[in-house]
Amino acid sequence: MTGENIICLSSIDWDFIWQGHQEIMLSFAKAGNKVLYIENTGIRVPTFKDIPRLKKRLINWRKGFGGIRKEQENLYVYSPIVIPFPYSRIIRPINRFLFTYFIKKWMNLVGFTNPIIWTYLPTGISLDLIDNIDNKKAVIYYCVAEFSTLVKSAKKIEKTETRLLKMCDVVFAQGEEIKKRCLRYNKNVHVFPGGIDKGLFLNSPAGGFKIPSDMRGIKKPILGYIGGIHKHIDTELLKNIALKKPEWSIVLVGPVQIEKNIFKGIPNIYLLGEKPHRELPEYISHFDVGLIPYNINDYTNTVYPTKLNEYLVMGKPVVSTPLTEIAVFNRQHGDMIQAAGDAENFCESIKRALSESGDKNRDTVIKKRISAALESDWSAKIEQMKRLIREAIDNKDRNLLSHWQEKMVSFYRRFKRRAIVLSLQLLLVYF
């Protein structure tokens, strides 16, 4: 798939933690497709906590021309300014005009025609853009979360998501639970959990990865976590583990999105902050165990933690809370991940993971982990996605060609009815 124009309505900003959103669109751009990456327009009304994010959006908007900047060859990033009330009947028409007007103007200027529209957001503003772009080749929805659990107006987002699913040519779902829900409204649904860039993680320098400067002096064993430290992290679980086992070090690598003093007074929990994606292998290589300490709720039970394969591809044992997608992964790979729901059992699972260093089969186990993780290589996943998109476009073209007669007859019948009604109205006016 090359030479296409792709509009991506993303649920994260371009310079946020590197995830599949950026990986996929960068891959499309490198393959010779022109990509417009639209940064997150939001699924909820912002609060005071969102002020830094809103400020950053203004800064990003000023970087470009009308909010659009060229990030690299074939890849453009749009930082839109919209009124942050996504479900207001008064505000939505204003946003519709502001949002679509600038995008369509840019499309005309650069010859960006017949686009494929790929959205991560099932919101009204996404539907407005889809409705107002003419001659679309295909509409794709990559559902990566149960959005109705994240907003107060759950019914409103369920309504817009249902409409989006019905109009899509192909749907990608992050996990099996999301797939089940999407299948109610669209039969062309395929599961694509988060992937990894195998080149980044497997190309270790000669002599191995050096220990990062901010990890020096942290005593072993190191229980590590990478990713955002957000409200879905079970902070009480981490505190209890740290207090039960003061000889263990818990290292959290990622932006802190909750109260920064939440671990204050616990000396063996280390917050190292956000790191560039390319540096993650250095940190993971010095973990003894990879952690996935998520709370169990309606949202996390639909989440596939991308960090899982990033730990595994580095050969690390993983201990997780009992997420639905972890259970699915274990069924597919023979209980490779240890799952525990409370601090006591979590500590026992970590002990077992730490004890494998003396296991004679350790090398075999590590190879199995790496092999399982490589099944999630992004390059292979993206090629599969491209084939499915091409099939959807071809099927759409065939349907248009094969059903034009039926559509023409239907149009003619509607036209005839309207003509008769209009004629009767004119006669009534005349008489």
Side-chain angles (χ1 to χ4, degrees), residues 174-177 193-196 201 219-227 229 232-254 268-270 280-281 283-297 299-376:
Q174 194 181 56
E176 292 294 338
E177 291 299 310
I196 56 163
F201 287 90
K219 66 179 181 179
K220 291 270 195 174
I222 293 175
L223 319 177
Y225 168 88
I226 56 169
I229 294 92
H232 299 296
I233 296 294
D234 192 339
T235 53
E236 289 304 311
L237 174 65
L238 292 176
K239 286 180 186 177
N240 286 332
I241 294 168
L243 293 171
K244 282 176 177 289
K245 296 292 180 181
E247 68 274 18
W248 293 348
S249 299
I250 298 176
V251 172
L252 309 177
V253 180
N268 56 329
I269 294 182
Y270 300 85
L280 294 185
Y283 285 86
I284 297 172
S285 68
H286 295 283
F287 292 171
D288 294 290
V289 178
L291 303 180
I292 305 176
Y294 285 2
N295 285 306
I296 303 298
N297 54 44
Y299 172 74
T300 58
N301 270 329
T302 64
V303 166
Y304 182 96
T306 304
K307 56 188 65 60
L308 168 63
N309 288 305
E310 292 172 339
Y311 297 149
L312 293 176
V313 79
M314 302 294 288
K316 303 300 176 180
V318 180
V319 180
S320 172
T321 47
L323 303 171
T324 300
E325 289 301 322
I326 292 295
V328 172
F329 186 92
N330 274 337
R331 285 198 297 272
Q332 294 170 345
H333 297 92
D335 293 329
M336 187 173 288
I337 311 304
Q338 296 193 58
D342 56 57
E344 187 174 342
N345 287 318
F346 217 90
C347 286
E348 288 302 316
S349 296
I350 291 169
K351 280 182 188 176
R352 286 194 293 272
L354 292 172
S355 67
E356 77 168 25
S357 58
D359 191 334
K360 62 181 180 180
N361 297 319
R362 183 168 181 263
D363 289 344
T364 303
V365 172
I366 289 174
K367 285 178 183 177
K368 285 182 178 179
R369 288 180 188 140
I370 295 170
S371 177
L374 290 179
E375 292 176 15
S376 292

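Throughout, numbering of the chain's residues begins at 1 and tracks the sequence. These numbers were taken from a predicted model, which means no experiment stands behind them.
- Among all heavy-atom pairs drawn from Gly341 and Pro322, the shortest one is CA-CD, 3.8 Å.
- Side-chain contact between Cys347 and Trp248: present, with at least one pair of heavy atoms (C-beta onward) separated by less than 4.5 Å.
- Under the side-chain hydrogen bond (donor to acceptor under 3.5 Å, both in side chains) criterion, Thr235 pairs with no residue at all, not counting sequence neighbours.
- Met314 and Ser285 make their closest contact through CE-CB, 3.7 Å (heavy atoms, listed as atom of the first residue, atom of the second, distance).
- Annotation: side chain to side chain donor-acceptor pair (under 3.5 Å) contacts involving residues 310-330, sequence neighbours excluded, comprise Asn301-Thr324.
- Separating the CD atom in Glu176 from the CD atom in Gln332 is a distance of 7.0 Å, to the nearest 0.5 Å.
- Looking at every heavy atom in both residues, Ile233 comes nearest to Asn295 through O-ND2, 3.3 Å.
- When the side-chain hydrogen bond (donor to acceptor under 3.5 Å, both in side chains) test is applied to Asn345, the partners found at least two apart in sequence or on another chain are Asp342.
- Qualifying salt bridge (charged side-chain N to carboxylate O under 4.0 Å, His left out) partners for Glu236, counting only residues two or more places apart in sequence or in other chains: Lys239.
- The distance from atom CE of Met336 to atom CZ of Phe329, rounded to the nearest 0.5 Å, is 5.5 Å.
- Contact check for Leu237 versus Ile241: side-chain heavy atoms found under the 4.5 Å cut-off.
- At least one side-chain heavy atom of Phe287 sits less than 4.5 Å from a side-chain heavy atom of Ile226.
- For Tyr299, the ring-ring contact (aromatic ring centres under 6.0 Å, His included) partners are His232, not counting sequence neighbours.
- In this structure, the side-chain hydrogen bond (donor to acceptor under 3.5 Å, both in side chains) partners of Tyr304, at least two apart in sequence or on a different chain, are Asn309.
- Looking at residues two or more places apart in sequence or on another chain, you find no salt bridge (charged side-chain N to carboxylate O under 4.0 Å, His left out) involving Lys245.
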Evaluate side chain to side chain donor-acceptor pair (under 3.5 Å) for Arg352 paired with Ser355, printing each intermediate quantity in order. CA-CA 5 Å; Arg352 286 194 293 272; Ser355 67; over 6 Å; no
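- Between Leu308 atom CG and Ile337 atom CD1 the span is 5.0 Å, to the nearest 0.5 Å.
- Annotation for Lys367: atom NZ does not count as buried by contact number, only 12 or fewer foreign heavy atoms lying within 6.0 Å.
- Separation of atoms CD1 (Ile222) and CG (Asn268) is listed at 12.0 Å; rounding is to 0.5 Å.
- In terms of heavy atoms, Asp288 sits closest to Pro221 at OD2-CA, 3.1 Å.
- Side-chain contact between Arg369 and Ile366: present, with at least one pair of heavy atoms (C-beta onward) separated by less than 4.5 Å.
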Does Tyr283 form a side chain to side chain contact (heavy atoms under 4.5 Å, CB included) with Val251? I'd like the steps, not just the answer. CA-CA 9 Å; Tyr283 285 86; Val251 172; 5.5 Å; no
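- Counting only heavy atoms from C-beta outward, the side chains of Ile326 and Pro305 approach each other to under 4.5 Å.
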Pair Leu323, Ile296 - check side chain to side chain contact (heavy atoms under 4.5 Å, CB included), show working. CA-CA 7 Å; Leu323 303 171; Ile296 303 298; 3.5 Å; yes
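- The two residues Gly195 and Thr306 have their closest heavy-atom pair at O-CG2, 3.4 Å.
- Between Ile229 atom CD1 and Ile269 atom CD1 the span is 11.0 Å, to the nearest 0.5 Å.
- Here Phe346 pairs with nothing under the ring-ring contact (aromatic ring centres under 6.0 Å, His included) rule; sequence neighbours left out.
- Remark: Tyr294 engages His230 in a ring-ring contact (aromatic ring centres under 6.0 Å, His included) (not counting sequence neighbours).
- Residues satisfying the ring-ring contact (aromatic ring centres under 6.0 Å, His included) test with His286, not counting sequence neighbours, are none.
- Side-chain contact between Val253 and Ile284 is absent, with no heavy-atom pair separated by less than 4.5 Å.
- When the salt bridge (charged side-chain N to carboxylate O under 4.0 Å, His left out) test is applied to Lys351, the partners found at least two apart in sequence or on another chain are Glu348.
- Among residues two or more places apart in sequence or in another chain, the salt bridge (charged side-chain N to carboxylate O under 4.0 Å, His left out) test is passed with Glu375 by none.
- Of all non-hydrogen atoms in Thr302 and Gln174, the two that sit nearest each other are O-OE1, 4.1 Å.
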